[in-house]
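Report on the following structure.
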Amino acid sequence: MATTTICAVATPPGRGGVGIIRLSGPEAVAIAHVMVGDLPTPRVAALRTFRDAAGDAIDEGLVLYFPAPHSMTGEDVVELQGHGGPVVLDQLLQRLLSLGAVLAEPGEFSQRAFINGRMDLTRAEAIADLISAGSEAAARAAMRSLQGSFASAINGLVERLLAVRVQCEAHIDFADEPLTEAESSTEALAMALDQIKADLVETLRLAESGQRLQAGLTLVIAGRPNAGKSSLLNALARRDAAIVTDIAGTTRDVIDTALHLDGLPLRVLDTAGLRDSDDQIEQEGVRRARAAMEQADRILLVVEEGDVIEPAALDLPAGVPITRVLNKIDLTGRAPGVVAGSSEMVAVSALTGAGLDALREHLFTQLGHTHEEPPFIARRRHLLALQTAAEDLDEAIAALNDGLGDELVAESLRQAQDALGRITGTITTEDLLGEIFSTFCIGK
Ligand code: GDP
């Protein structure tokens, strides 16, 4: 149990009708008591006046009290719901600090919830992913993870691995059994491992698609001026009733757009931002944009009939796969869709919308996504752990098939189990926890 009592504003910065401060830890009740008087009945909201050291009112609002262990963090938690103004919230926070609370680190409430066994890592991460979801599909997948779909998929695999390990170790103990029995149990073990491997690979596939929803994919949109880049972007976005927003980047030039394509969050980088500039900040922005482009998942090169453009002429990042979008076919009468004989060219009209369905399908396929909504959201670290577990399982299967001895099989199975345990947090290190929770926002 943590010894400090942490506090933070849990609502976003700025002005709003309500601003919430969360207080959690062993002194939460005592500190809140000084400031608001008697605490209300647990889990029942009551109106209180929030007072400063002189006894003057700073604000008034609702107080909620969640005694340990039935709270978000598993500790005593008090929530103060005051008015959502930065000055008043800051005064409330200062008062709590003067009474002995400390400011929470980003994600510290969730980290305490994890440490106190209130939720496993996949659920803690799902909360962060739900908050930052870039599309409805991502939000739904995060919610399913929050309800435990990912944890139960992983725990199911762990339990089955454990069962095989137990059998395998029993096998070690009864090495003197007659050969036929040993052989038949080896066969049964091999079958069980193959089945677990197949289900692990399927979980990995679903996790990859969940990770695409979580992180989104990056497209670069390029082409000559007036080729129809903005029109294409708008047409793709509008068709999907997506929200198109400009992401405030480091550069003064807006080159970054977020949209989603049938629920797949996409970040679209516009090469128009890549202009030469003497402005140092803008140069840095351009440098970062270029670095992001080099990491992009695909380039959409918008061309018109008759245009012959080599990617080099546009100074596009090398090594990123390219789809040529032949635009303005309403002027030429060319048939919409994937151009015959070229799987990487799609004919469209951004103006009439012809060919956009085919372009969307092409993108989904090329980006490795499908319309199927994954049963959970996932992060890169989950994919790495699943891949490690799959490799360990392969080693176990090989050791079994090659008759290298049950000890080796059991050891590889243990490693696979550990890799999976890192996903839910049954196996963790300080570093891992620090890395995970530091990306959360403050007050969560
Ligand atoms: P950008 O400079 O590449 O972003 O190009 P814009 O999207 O601004 O389009 C340049 C011009 O081409 C505008 O006048 C658009 O209306 C027009 N345009 C874009 N797409 C089409 C299309 O599919 N058909 C026709 N006929 N005109 C288009």
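Read the numbers this way: they start at 1 and go in the same order the structure lists the ligands and their atoms.
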| query | Can we say R360 and D357 salt-bridge, meaning some charged N sits less than 4.0 Å from an Asp/Glu carboxylate O? | reply | yes

| request: Any side-chain hydrogen bond (donor to acceptor under 3.5 Å, both in side chains) involving residues 94-104? Give me the pairs, sequence neighbours left out, ordered by first then second residue. | output: none

| message | Using a 4.0 Å cut-off on heavy atoms, what residues surround ligand 1? Order them by chain and number. | response | R224, P225, N226, A227, G228, K229, S230, S231, N327, K328, D330, L331, S349, A350, L351

Determine all donor-acceptor pairs shorter than 3.5 Å in which one atom belongs to a side chain in residues 329-337; sequence neighbours excluded.
unit_1: D330; atom_1: OD1; unit_2: S349; atom_2: OG; d: 2.9
unit_1: T332; atom_1: OG1; unit_2: I329; atom_2: O; d: 3.4
unit_1: T332; atom_1: OG1; unit_2: R334; atom_2: N; d: 3.4
unit_1: R334; atom_1: NE; unit_2: E305; atom_2: OE1; d: 3.1
unit_1: R334; atom_1: NE; unit_2: E305; atom_2: OE2; d: 3.4
unit_1: R334; atom_1: NH2; unit_2: E305; atom_2: OE2; d: 2.9

| Which residue pairs pass the side-chain hydrogen bond (donor to acceptor under 3.5 Å, both in side chains) test with at least one member in residues 1-18, sequence neighbours excluded? | T4-R112

| Between R422 and D418, does at least one N-O distance fall below 4.0 Å, as a salt bridge requires? | no

| said: Looking at E136, I'd like to know if its CD atom is crowded, meaning that more than 12 non-hydrogen atoms belonging to other residues, nucleotides or ligands lie closer than 6.0 Å. | reply: no

